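Structure provided below as structure tokens; questions to follow.
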Amino acid sequence: MPTTDREPPNIDELRDRAYQLRRMMMTMTRGKGEGYIAQGLGIADCLAALYFHELRHDPERPDWPERDRFLLSTGHYSIAMYAVLAAAGYIEEDELPTYGLNGSRLPMSTFDDTVGVEIVGGSLGHGLGQAVGMSLGLRLDDSPGRVYVEISDGELDEGSTWEAAMAGATFGCDNLVVLIDCNGIQADGPVTVAIEPVADKFTAFGWSTTEIDGNDMSALVEALEKSRVSDGKPKAIVMRTTPGSGVPTIVDRPRAHFVRVTDDEWAGLVQELEDNRDVHA
Amino acid sequence: MTSTRDTAPRGHTRGMGELIDIADKTTVLAPFGETLAQLGRERPEIVALTADMGRYSDILPFRDAHPDRFFNVGMAEQSLVMTAAGLAKTGKIAYCTTYSVFVTRRAYDFVAIAGAHSKAEVKIFAGMPGLTNGYGATHQATEDLNMMRGIADLTIIDPCDATELTQVVRAVADIPGTVYVRLLRGKVPVELGEDYRFVPGKAALLREGSGDVGVISTGYMTARSLDAAKAADNRGVQASVLHVPTIKPFDTAAVVEFARRHDRLVVAENHKTTGGLASLVTEALYQGGILRPLRRVGLADSFFECGSQEYLEAKYGVDLPAVTRAILGEV
Ligand SMILES: Cc1ncc(C[n+]2csc(CCOP(=O)(O)OP(=O)(O)O)c2C)c(N)n1
């Protein structure tokens, strides 16, 4: 289903989309038994809001020049990306179980040769800078296409992110939206670098900034709506997300950056997801 | 340190940088961090840093032993190297860790200038060198030796096993200036005997064969070359193995002398066949006026995909059978 014109948001439907994404991700975790599932569950609401409401895109024409671009900077969140690409119709859902297998089109980290994936992820700190470049390119072409880029709080540690933040403001990238996934964790555990106050920093860097609960669908839709305002500035949406959101046992995992799911516990976790289907942040 | 045996089957991308052919081998857990923690007790000038890769680079034993001398700069590889260099300017010896790809590709200028040019006591232990993980080209440092050897005044070491790595952790504290070490992490196999001694800048003859074929290797590919040489024995070919742990400065004399004594050569490295050990060997041979048939076991000049370690190593021709074939002279 092409989403080339935006309909009024249906929050309940979008929440259900997010649930479906989570369910797909849990399926991908099965067998593999490990991965970046906590991050995937945390970003599910954001991806549902983007692909089923905000983005003007067409799975039938992934190269449509006027499409809105979504850049996933965190290649390790691939599990979430493939779920939303399947849900939106870029790839077949029955391909999802090949995730991470040898020779799969859906590798553990995202590469731009997978249909619907715009950039090579994995080496963190690339997304925002490339998004600035795309934003400028689309502007040069008078394209209505907008650029949405997800980055993580860990990527705020990288100098390249702040170089890009200054570039985006310098060039007045009005058609650029960064969605910052502040899930509070990185590889070694909780975020320990002094990245806060994230929203104030982006404001000081010349961005129009909003801070929201990134697992609250209404807040996401509203923030994205606001980001369409033409004010000559790039837009930043600081999303406070909960790693593992939707599956309490994963939320409670102390080492959520890389989660192992045993065959024995898998069904129970899927049941938790089901039980929490109507619980909203 | 605990010794373990690893038997876990692996069918897809997983884990972070552990070697695969260790099923029948004695291994040591986190030899780098354990040795560094001990060294820190002996030498108060030692400090350690990581760029959000503490858990994945085995450096946490140092943090636990010396929390006040440990700094996690966050996922900021340029900051890692600059901070280490600054600490060095105040008389510290700064050990730092992240993955090879990120310290080489992202922080190159800082390694060259704040590190090597400044003769800073910065000791970089670079995780997942070469093709030691299945996360694709973003995580596979297949050109790190090539990049690093381009930097003047930098020492480069590619240890073979836990025994050597343990010695290297201590040795680099006394090698002046900036050092780049390819880190082996997790369960690291023991390949070399107790009498093995790492000498900076020196190659080591580990196996003397019949003079027919000589293998020149570095890093864990030396372990694999020793295994391959054993396999070749059963087929009537007695290969010699020269281990070259120090890539820079390069032991040209030893390589030339070794080459002279063999009819055929095999070079084995966990790196592209261009710009690393094979390039150094051919330069040395040409300089020494020696011409020998030389077969390179290493990686193509390409970006590699994700997948299990076994799958990738077999597909790209660096696994044990590939080394064995090269020794036997088979296609
Ligand atoms: C440039 C770079 N440095 C280091 C890494 C290794 N790494 C992979 S994920 C990660 C944590 C990054 O923080 P974040 O994305 O916030 O972590 P998460 O929320 O997924 O736990 C690190 C350091 C990387 N992929 N890229």
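All chains are named by letter (A, B, ...) in the order of the sequence lines, taking the proteins before the strands, and each is independently numbered beginning at 1. Computed from a predicted structure; not experimentally measured.
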Chain A contact via Arg105(B) - side chain, backbone, both or neither, heavy atoms under 4.5 Å: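 Arg105(B) has no heavy atom closer than 4.5 Å to chain A.
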Which portion of Thr50(B) sits near chain A, non-hydrogen atoms under 4.5 angstrom: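 The answer is the side chain of Thr50(B).
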Atom of Ala86(A), atom of Met24(A) and distance for their closest heavy-atom approach: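 Looking at all heavy atoms of both residues, the shortest contact is CB-SD, 4.3 Å.
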Partner set under side-chain contact (heavy atoms from CB on, under 4.5 Å) for His76(A), not counting sequence neighbours: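 Applying side-chain contact (heavy atoms from CB on, under 4.5 Å) to His76(A) gives Tyr36(A), Gln39(A), Thr74(A), Leu124(A), His257(A).
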Interchain contact, Ser160(A) with chain B, by part (heavy-atom threshold 4.5 Å):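 Side chain only.
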Proximal component of Val101(B), with respect to chain A [non-hydrogen, under 4.5 Å]: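 For Val101(B), there is no contact with chain A at all, as no heavy atom is under 4.5 Å.
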Closest non-hydrogen atom pair between Ala88(B) and Ala120(B), with its separation: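 Nearest heavy atoms, Ala88(B) then Ala120(B): CB-CB, 4.0 Å.
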Residues Arg240(A), Glu196(A): salt bridge by 4.0 Å N-O rule: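 Answer for the salt bridge query: yes.
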